[in-house]
Structures are given as structure tokens and as C-alpha cells.
There are 2 protein chains.
Amino acid sequence: MVARYELIADELRDEILSGAHPVGSQLPSEAELAGRFRAARGTVRQAVAVLAAEGLVGSRQGARRIVLGNARSQSFAELHSFAQWARANGHRFGGQVIEQRRRPASAAECARLGGGEVLEVLRLRSLEGEPVLVERTVYAGWVAAAVETLPPGCESVTEALYDSIGLVFAYGEHLIDAVPANTRDADLLGVRRGSPLLRQRRTTTTHEGRPVETSDDRYRAGSVAFSIRNSIGANPLVRQAGDLRFWP
Amino acid sequence: MVARYELIADELRDEILSGAHPVGSQLPSEAELAGRFRAARGTVRQAVAVLAAEGLVGSRQGARRIVLGNARSQSFAELHSFAQWARANGHRFGGQVIEQRRRPASAAECARLGGGEVLEVLRLRSLEGEPVLVERTVYAGWVAAAVETLPPGCESVTEALYDSIGLVFAYGEHLIDAVPANTRDADLLGVRRGSPLLRQRRTTTTHEGRPVETSDDRYRAGSVAFSIRNSIGANPLVRQAGDLRFWP
DNA sequence: TAGTGGTCTAGACCACGGT
DNA sequence: CCGTGGTCTAGACCACTAG
């Protein structure tokens, strides 16, 4: 079942991306759109809220909505999944487990994952055949068994865990900064020790708010960037801090 | 004029932050909240959408909303303003213009800012007395004059430009990655050449979609991080990729 | 099956922008 | 001033979750 407002949003998005509404131009008014799509004004507002959340249009009280961009932003919850991002963008990618072991949770991990035993996995992932990412992931005890059954060359852990135990990575918090490569990082990525890496630390939970994993991912400089769109003075329908996507 | 849903959101947020709704617990149903606040269901939904956009609660059809976090996220459009972020977080900060000159726009800048002459400014900014940020900003020709009248030690360019010509930085697009410090960066920040910097490239526009500036900001590693909260499978009211804030 | 959130409607009033 | 988007209401139906 696809919602009406999604269909309207899709149609408007296509018009924007195709150039029918150039960047800087005004969108039709809500009343006009409501008439055109034979929908209530509220439904149209939901549709344009989608576009606003994608950073395609902006709005302010009293003036017509304005087209801000015409680049497809890949709406990424795939911030969690290297594989899903790489596939969606047509990249050749791979991955390999380097190390994997169970151990007791540290104090910090107890706070984030809920204590007990955890599973620590070190993965090296590549893009177009080049190693670009060192992933150090710590899984909560209750998913450890499922992760251990995955093949070492598993392409997408996210998808595999969904298929095997129906696990959905629903919410995430991410910290992004820069760090120097340590000896191990440097060795795995083929860069010099101390050279810049883009680090993404994240904690992921299920729909129920149950913590699944925390991870420390380090990208070789120049391989990817994070892209964010945001706006000020937006109302909550629009309040989005921005869509977020990887950038090759 | 403060909207009703904002007041409701404020009250619920306070309850969450104060621990009345612990992380992992369920929020009251929309119907209950509507009764309690004597508001229509739609208004209550707007209020909880605010909290969802802040990453405090999550939701899924059929189940009650769940409390995901209890940390205040400083809802940052202030991603644009080092001064506003630093002040809001109680940091001691400063800034100084190192270089400033007019020059013709490059080809790339023409595309982003609209051509003609531009104003290039190099600023060094500090936190707690330590230099942490090298800011290379290119202003569009139409704001150049206003920027040139600012004192070299101006704390907040964003605020100063609002006060002087009513300019509002409304929309931004940001690219975040890691780069090695070049000789100049290293010299200004007091780090070794080649050491990691966190880079934020941004383009900012007005409410009307008119480009104002593009900037290349480089943070010393360890001084700040970017924090993002996001969710999957969210509906557009909630679709926010996440609030975004600096992190000391 | 009952309760919950997601969608949609139709109408009202208000604050703001531009003329 | 008019047109626009922002807020709010009241009610309806549906899809989903959970017991």
C-alpha cells in the first residue's frame, strides 16, 4: 500500500529533477497542487514535507516554496550499511572478516549494549578493489550467535541478519571525526601510520530501542565523505536536520 | 506567537529529559495525550514529530512510541555558525581574520555563487584559547561589501551580517571528510604537516535560495566531532535524517 | 480482536510576504 | 490588501502490533 502523499511527492520530485521546476524557482501553491492532484491540502503538505526533508525545497510562511536543489539525495538510513550504499551507487565492493572473537563487555559497552558477553568483529571493506574501510564492530550478546553463522566474506551483514533472524536496524546515532591511522589501520588500508582517516562511530538499535551494535569505522581519506543538508527556522514537518548520504 | 504543538513538545521533552519517561519505555498514546492537553490528535502528532526529529522518540505503526534517548540535542542550524555553537555550549572562543581579498570567481565558484567578483577570507578560530579551526570562506559579490565592514576580530559573522543587512543563512549543504594538513594549515593550527584534519565544506543560501557563501573549514583532530541521529522506515513527519550538532 | 499509529478529508483562523 | 503557508480541529478509515 503506497500512500497518496508518496505518489504526489514522487511526481513532484520527478518534475524537479527533470528541470520542470528549476533551482530557485517557485513551486505551485498548495491550493493549486491540491486541485491538480484532487487531494486535500493536508495531503499535499505531507508530500512537500517529504521533498523538504530531502532538501529539494524550502519554505517560509507567506511565500511560495522554493526549489533548492536538483540532485537526488539517496535518503540514507543506509548510513548503517556500507554494502547498501555501495550497491545503490553502482560501486564494486567487497569485505572480509579479519578477526572475530567473543569477550566480556567493557564498562562503556555495558552502558551502550547492556552488558554480558559481546562479539567483536574486525572487517576490512573495499571499493573498486581498493581497501577503504576498517570496521570494528561490537555486537550485543543476543545477536552474537547469528553473526557468527555468517560467512567471513558476507557482503551485507545488515541484510544477512534481516534474512536470518528478522533483525531490523532501525535507529542510529553517529559521531563523525578525524583520527590518525594507527599501525593496524595503516597496515590494513595501505596508508602511512598517522595519515588522516575519517571515523564514524555509531550505535544502532532495533525498533524497540534495544541496542544491537556499536562500531568504529575508519575510512581512508579521499574515499568517501558524508553529505548533509539542513535548514534553519523550519517547522517540525520540515525540521529535518537533513538527509545524509555517503559521497564517493 | 508560540504554537500549541511547540508547548506540548516542550512539556513532553522535559518529561523525557527529567527521566519521567525512561529510555526504552513507551510514551502515552496519542489519544491519551490529546485528552491531557485538550488538543486535537493532529496537534499532538505534530508535537511528537518534533521529538522524533530530535531523535528522542521513535515510532512504528501499531505500536506505541518509544523513548530512544534522553540527551538534549541542540537542534543545529547552528551548523553554520561556530560562534553560536560555541556559545550555546559554554565554550570560550575567539577568531581572527588572517587574510582577506577580492578576486574574480573561479569557474567552480561561478556555478555555486553566481559569478562576478567574490571576497575570500581566511579566518583562524580558537576554543578555550587553543586554535582549532581554519576557515576559508568565499562570499558572493553581493555580500562582499557588508563583510568587509566587519572588524577583523568579529566573533560571529552570521550574527553580524544579520544585524547589519538583515541577512539570514537559511539553507546549507555540507560535505564532511578528512584531509591531511597542508603547510599553511599546520602552521596556523600548530600541528604537523600531514596530520589529520576534519573538513567541512559547505554552501549556504538565503531563504530565497540565493547563494551567500561557500566555505572550507578544517578542524584540528580531536577538537570537535559531528553528531547525527537517524532512523529507518520513518514516515515523512519523522523522516529526518537526524539532528546534527557539534561535539566537543 | 482491541488498541495504536498512519493516512486523508474539509474546513477554519492566523501570521507573514509581497504588492 | 490579497495570496501564501502555518496551525488547529473533528472526524473517518485503514494497516499494523500485540495480547
Side-chain angles (χ1 to χ4, degrees), chain A residues 1-10 12 25-53 57-68 166 168 170 206-210 231-240, chain B residues 1-10 12 25-53 57-68 166 168 170 206-210 231-240:
Chain A
M1 192 57 193
V2 180
R4 193 88 149 64
Y5 73 85
E6 286 285 5
L7 299 175
I8 298 175
D10 289 345
L12 291 174
S25 69
Q26 294 184 334
L27 230 50
S29 74
E30 295 179 356
E32 286 176 276
L33 293 173
R36 169 175 157 198
F37 292 106
R38 289 160 204 266
R41 194 182 150 214
T43 307
V44 169
R45 282 178 63 78
Q46 255 185 307
V48 294
V50 174
L51 303 182
V57 305
S59 67
R60 45 206 273 254
Q61 195 172 61
R64 285 209 178 176
R65 288 191 174 75
I66 286 195
V67 178
L68 292 174
V168 176
T206 65
H207 270 131
E208 294 83 21
R210 194 176 185 193
S231 65
I232 197 174
N235 85 76
L237 288 171
V238 181
R239 147 101 50 128
Q240 62 96 28
Chain B
M1 192 55 193
V2 179
R4 194 79 152 50
Y5 73 85
E6 287 283 6
L7 299 175
I8 298 175
D10 289 346
L12 291 175
S25 69
Q26 294 183 334
L27 231 49
S29 73
E30 295 179 356
E32 285 176 276
L33 292 173
R36 169 176 157 198
F37 293 106
R38 291 162 204 266
R41 195 181 148 215
T43 308
V44 169
R45 283 178 62 79
Q46 253 184 307
V48 294
V50 174
L51 303 182
V57 306
S59 67
R60 42 205 276 252
Q61 195 172 59
R64 285 210 178 175
R65 288 190 172 76
I66 286 195
V67 178
L68 291 174
V168 175
T206 65
H207 270 131
E208 294 84 21
R210 193 175 186 195
S231 64
I232 196 175
N235 86 75
L237 288 170
V238 182
R239 147 100 52 125
Q240 62 96 28

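Chain letters run A, B, ... following the sequence lines, proteins first, then strands; residues in each count from 1.
Rounded to a whole Å, the CD atom of B:Glu32 is 12 Å from the P atom of C:dG3. Between B:Leu33 atom CG and C:dG3 atom C1' the separation is 15 Å, expressed in whole Å. In this structure, CD1 of B:Ile66 is placed 11 Å from C1' of D:dT17, rounded to the nearest angstrom. The CD-P distance, from B:Gln46 to C:dT7, rounds to 15 Å in whole Å. Between B:His207 atom NE2 and D:dG6 atom P the separation is 10 Å, expressed in whole Å. In this entry the distance linking CG of B:Leu7 with C1' of D:dT7 reads 12 Å, nearest Å. The distance between atom CG of A:Leu27 and atom P of D:dT4, rounded to the nearest whole Å, is 12 Å. Rounded to a whole Å, the CD atom of A:Gln26 is 15 Å from the P atom of D:dG3.
The shortest distance between the side-chain N/O atoms of A:Arg45 and the OP1/OP2 oxygens of D:dG6 is below 4.0 Å. At the phosphate of D:dC8, neither OP1 nor OP2 sits under 4.0 Å from any side-chain N or O atom of B:Tyr5. For D:dG6, the OP1/OP2 oxygens have a side-chain nitrogen or oxygen of A:Arg65 closer than 4.0 Å.
Separation of atoms CZ (B:Arg41) and CD (B:Gln46) is listed at 13.0 Å; rounding is to 0.5 Å. Here the straight-line distance linking atom CG of A:Leu68 with atom CG of A:Leu51 works out to 11.0 Å at 0.5 Å rounding.
Test A:Gln26, A:Glu32, A:Glu30 against A:Arg64 for side chain to side chain donor-acceptor pair (under 3.5 Å) and you get one pass: A:Glu32.
Checking C:dT4, C:dG6, D:dG6 against every side-chain atom of B:Glu30, the shortest atom distance belongs to C:dG6.
In this structure the side chain of A:Val67 reaches within 4.5 angstrom of the side chain of A:Leu27, judged on heavy atoms. Looking at B:Val2 and B:Asp10, their side chains never come closer than 4.5 Å, going by heavy atoms from C-beta outward.
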Problem - Evaluation steps, side chain to side chain contact (heavy atoms under 4.5 Å, CB included), between B:Thr43 and B:Ile8 - result: CA-CA 9 Å; B:Thr43 308; B:Ile8 298 175; 4.2 Å; yes
Problem - Derivation of the side chain to side chain contact (heavy atoms under 4.5 Å, CB included) call for B:Glu208 and A:Arg60 - result: CA-CA 9 Å; B:Glu208 294 84 21; A:Arg60 45 206 273 254; 3.4 Å; yes
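With hydrogens and angles ignored, the 3.5 Å screen pairs a side-chain donor or acceptor of B:Arg4 with a backbone N or O of B:Phe37.
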Under 3.5 Å between N/O atoms: give me all the protein pairs with nucleotides 9-12 of chain C, atom names plus distance.
unit_1, atom_1, unit_2, atom_2, d
C:dT9, OP2, A:Ala40, N, 2.7
C:dT9, OP2, A:Thr43, OG1, 2.4
C:dA12, N6, A:Arg41, NH1, 3.2

Atom pairs, N/O to N/O, protein against nucleotides 16-19 of chain C, distance under 3.5 Å?
unit_1, atom_1, unit_2, atom_2, d
C:dC16, O4', A:Gln61, OE1, 3.2

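Across A:Val44 and A:Ala39, no two heavy atoms sit closer than the pair CG2-CB, 4.5 Å. Closest approach of B:Val48 and B:Val57 over heavy atoms only: O-CG2, 4.1 Å.
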Practice task
Taking Watson-Crick and G-U wobble pairs with both distances under 3.5 Å, convert DNA chain D into its dot-bracket string, 5' to 3', dots for unpaired and | for cross-strand pairs.
Solution key: ||||||||||||||||||.
